[in-house]
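Down below is the structure, laid out as structure tokens.
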Protein chains: 2
Amino acid sequence: MPNAHDVLFRTLADPTRRAIFERLCREGEQTVGALTSQSGVSQPAVSKHLGLLRQAGLVRDRHEGRQTHYSAQLGALSPLIDWTSQMAGFWETRFDELEDLLKRMDQ
Amino acid sequence: MPNAHDVLFRTLADPTRRAIFERLCREGEQTVGALTSQSGVSQPAVSKHLGLLRQAGLVRDRHEGRQTHYSAQLGALSPLIDWTSQMAGFWETRFDELEDLLKRMDQ
DNA sequence: TCAATCAATAGCCAGCAGGTTATCGATCAC
DNA sequence: GTGATCGATAACCTGCTGGCTATTGATTGA
């Protein structure tokens, strides 16, 4: 049972997939065809990536006739932001501890 | 030629490897033995992970006798932070554009 | 109605990534 | 000096992942 960080990191680790997500962030909603045309891979490959991005909550889809429009769900990135701040936080804490230690040694 | 984001995402995507990095962030410098004992995988596997983390600039090593101490290099996370802010930034920009459009339509 | 288009699915294949055991070099303890 | 310990490396195996082509289902337009 992978946690939220696992899913996000794994999903964004693939360059092709991340490029698709970046494009959706930059340019907003796009059809599968539009995304495929600039992805360098086949349409089924793009559909697979979009499926994984959707599972990760990073995009949502909207059906309109025979086209499917995808758009980025930016909120899904929060666990990533939380994780990095947490790591930074641990580091700060340890730094403070070191400071304290040095202060005590100084007395 | 993978860019900095590629390397970071790929390196942090593996749960075992990320757990090692998290532990180094939480608890500071650790020997390979200490890291192995709580990783659930063999010592060579841990060494391999540490090698990749080092290549990504996420950890540094310090040799002391026959032990090797590893510690987290928090600065290496900045490209990740930059990337997320950039994605958020794109989103904001598009939101502003939408706002402008609505404003112009209103006139 | 029938052909064409769009996107998803199925089925397959190749490469790689992460795991293992075995071994080696270096350092330490006795 | 010798045996034990630590960590890196070698060599290998396996499963998963990302790619492909072919096909299907749905929708559109002629």
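Computation of the quantities below employed the complete heavy-atom set of this structure, encompassing side-chain atoms and omitting hydrogens, waters and symmetry-equivalent molecules. Here is how names work: the chains are called A, B, and so on, in the same order as the sequence lines, proteins then strands, and each is numbered from 1.
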Query raised in the report: C:dG19 P sits how many Å from B:Leu52 CG, rounded?
Result: 10 Å
Query raised in the report: Has B:Ser42 got a side-chain N or O lying under 4.0 Å from the OP1 or OP2 atom of C:dG19?
Result: no
**Report entry** Side chains of B:Asp61 and B:Leu50 in contact at under 4.5 Å (non-hydrogen atoms)
**Finding:** no
Query raised in the report: Rounding to a whole Å, what distance do you find between B:Leu12:CG and C:dG18:P?
Result: 12 Å
Report task. Return yes if some donor-acceptor pair links the side-chain N/O of B:Arg17 with the main-chain N/O of B:Thr11 below 3.5 Å, else return no. Result -> yes
Requested in this report: For A:Ala45, report the nucleic acid contact type (base, sugar-phosphate, nothing); a contact means any heavy atom under 4.0 Å.
Outcome: sugar-phosphate
Report task. Give the nucleotide from the list D:dG18, C:dG18, D:dA22 with an atom nearest to the side chain of A:Pro44. Result -> D:dA22
Query - Separation of atom CZ in A:Arg18 from atom P in D:dT17, rounded to whole Å - result: 17 Å
Report task. Measure from the side-chain heavy atoms of A:Asp14 and tell me the nearest of C:dA7, D:dG18, D:dT9. Result -> D:dG18
Report task. Please report, rounded to the nearest Å, how far the P atom of D:dG7 is from the CZ atom of B:Arg62. Result -> 12 Å
Query raised in the report: So which nucleotide from C:dA8, D:dA11, C:dA22 ends up closest to the side chain of B:Lys48?
Result: D:dA11
Query raised in the report: Counting side-chain heavy atoms from C-beta on, which of C:dC6, D:dG18, C:dG18 comes nearest to A:Arg17?
Result: D:dG18
**Report entry** B:Arg54 side chain vs B:Val59 backbone, donor-acceptor pair below 3.5 Å
**Finding:** no
Report summary line: When rounded to whole Å, the CZ to C1' distance for the pair B:Arg10 and C:dG15 reads 14 Å
**Report entry** Of A:Val41 and B:Arg54, the one whose closest DNA chain D nucleotide lies more 5'
**Finding:** B:Arg54
Query - Minimum side-chain heavy-atom gap B:Asp14-B:Leu52 below 4.5 Å - result: no
Query raised in the report: How long is the line joining NE2 of B:His69 and P of C:dT27, in whole Å?
Result: 14 Å
Report task. Just call it for A:Thr16: base, sugar-phosphate, or nothing, with non-hydrogen atoms closer than 4.0 Å on any strand. Result -> sugar-phosphate
Query raised in the report: Is any side-chain nitrogen or oxygen of A:Tyr70 closer than 4.0 Å to OP1 or OP2 of C:dA8?
Result: yes
Requested in this report: With heavy atoms under 4.0 Å as the rule, sort B:Thr68 into base, sugar-phosphate or nothing.
Outcome: sugar-phosphate
Query raised in the report: C:dA8 base to A:Gln43 side chain: any donor-acceptor pair below 3.5 Å?
Result: yes
Report task. Take the angle between the ring planes of B:Trp83 and B:Phe9 and call it parallel below 30°, perpendicular above 60°, tilted in between. Result -> perpendicular
Requested in this report: Tell me whether the OP1 or OP2 atom of D:dG25 has a side-chain N or O from A:Arg66 closer than 4.0 Å.
Outcome: no
Report task. Answer yes or no: does a side-chain N or O of A:His49 lie under 4.0 Å from OP1 or OP2 of D:dT17? Result -> no
